[in-house]
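Please read the structure below before turning to the comments.
Residue indices begin at 1 and follow the sequence shown. Order of appearance sets the numbers: ligands from 1, and atoms from 1 within every ligand.
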Amino acid sequence: MLPELPEPPLRLNLDWNALKANWQALDRLSGKARAGAAVKADGYGLGARKATATLLEVGCRDFFVAHWAEAADLLDIVDPGSISVLHGPQSAADCAYGQAIGAKPVINSLSQAQRWLDAGGGLCDLMIDTGMNRLGVPMDEIGSEVLARLDVDVLLSHLVSAEEESALNALQCSRWLEARKALTHCRASLANSAGIALGPDFHGDLTRPGISLYGGIPRPDMGRLIRQVVRPEAMIMQVRHVAAGETVGYNATFTAKAPMRVGTVSTGYADGYLRCWSNKGIFEANGAELPVLGLVSMDMTVIDLTDANDIGEGDWVAAAYDLPGAAAASGLTQYELLTILGRRFRR
Ligand SMILES: *Cc1c(COP(=O)(O)O)cnc(C)c1O
């Protein structure tokens, strides 16, 4: 028999208490509405199963995924009736699957509504397009007879620019109110993370935070509420000395001005630590800042250990990854910074 597989040299340091605290803060900020949770894309890359189980502990009861496979992944953890599948039933097979597991499809069009009813229907959610022009029933179709035959739990819409002071916010809010008056439903929902901060008019009965649960700060005024959840960490595999005038990494983009001590860290762009961090990213250990030297490789990144003699081979270093700061530094969005974190990180 093989010995147990050794631990990989890279891991996500995940603060599940911060996830709980973030949900509780967003639930409070949602006023009379209750906060749900977007756990699509594997919980924004951090692990949907663990995120869902953790959020259940603090009272979250509504979970949003994009795909049916993402619902399937949660069936043994959460009451299937509390899962909403945002992409809805695209085929008869989706309908049959949704009915068998008891998760709610989000109906996004008249054809999805008809398909769901043809399959026998059942409790569903209904997405109204108030301005995104992506998924959802357009406002000029909300009077359609087929929608009146649906058994709608959550009537939802999705904000285009909640993180900005955009005139679209008020416009979408008024269209959503119009849809609420026109269609029978149990609960109404509009706000994503940033939308929660827009105030009570946007809250309805249920809010749907995603990014801020996981430490994202879409509006500066949310910074004091939200705690960082994830720190990517990796091990230093080798330490070496580089003479003045020598270069580091592919294409020799970094040249040492003086003798340096450098460390090779076991993470690279294949893990989502993208090339944009080349000669720019910072790792941290024992309070020291360790700049990235040269280009990030597929599986490796070289960092400066010249002023950190206490750090060496086998030590773990953490990428500086506070999401607003990392987004500003990298040009990636806070959403991308989370969802690109690769499968090789132990979670
Ligand atoms: C992803 C998503 C959310 C969560 O949005 P955040 O900006 O991450 O808070 C909410 N609602 C819908 C329909 C979504 O697709």
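- Contact check on Arg34 versus Asp27 returns no salt bridge, with no Lys/Arg side-chain nitrogen under 4.0 Å from an Asp/Glu carboxylate oxygen.
- For the residue pair Asp304/Thr306, the side-chain donor-acceptor check at 3.5 Å is satisfied.
- For the pair Arg275 and Trp277, the cation-pi criterion (under 6.0 Å, within 45° of the ring axis) is not fulfilled.
- Atom CE of Met298 is surrounded by 12 or fewer heavy atoms from other residues, nucleotides or ligands within 6.0 Å.
- With sequence neighbours excluded, the residues that form a side chain to side chain contact (heavy atoms under 4.5 Å, CB included) with Asn13 are Arg231, Glu233.
- Listed by chain and number, residues touching ligand 1 at under 4.0 Å (heavy atoms only) are Ala38, Lys40, Tyr44, Leu86, Met127, His158, Asn192, Ser193, Arg208, Pro209, Gly210, Ile211, Tyr335.
- When each of Arg11, Arg344, Arg343 is checked for a salt bridge (Lys or Arg N to Asp or Glu O under 4.0 Å) with Asp271, only Arg344 meets the rule.
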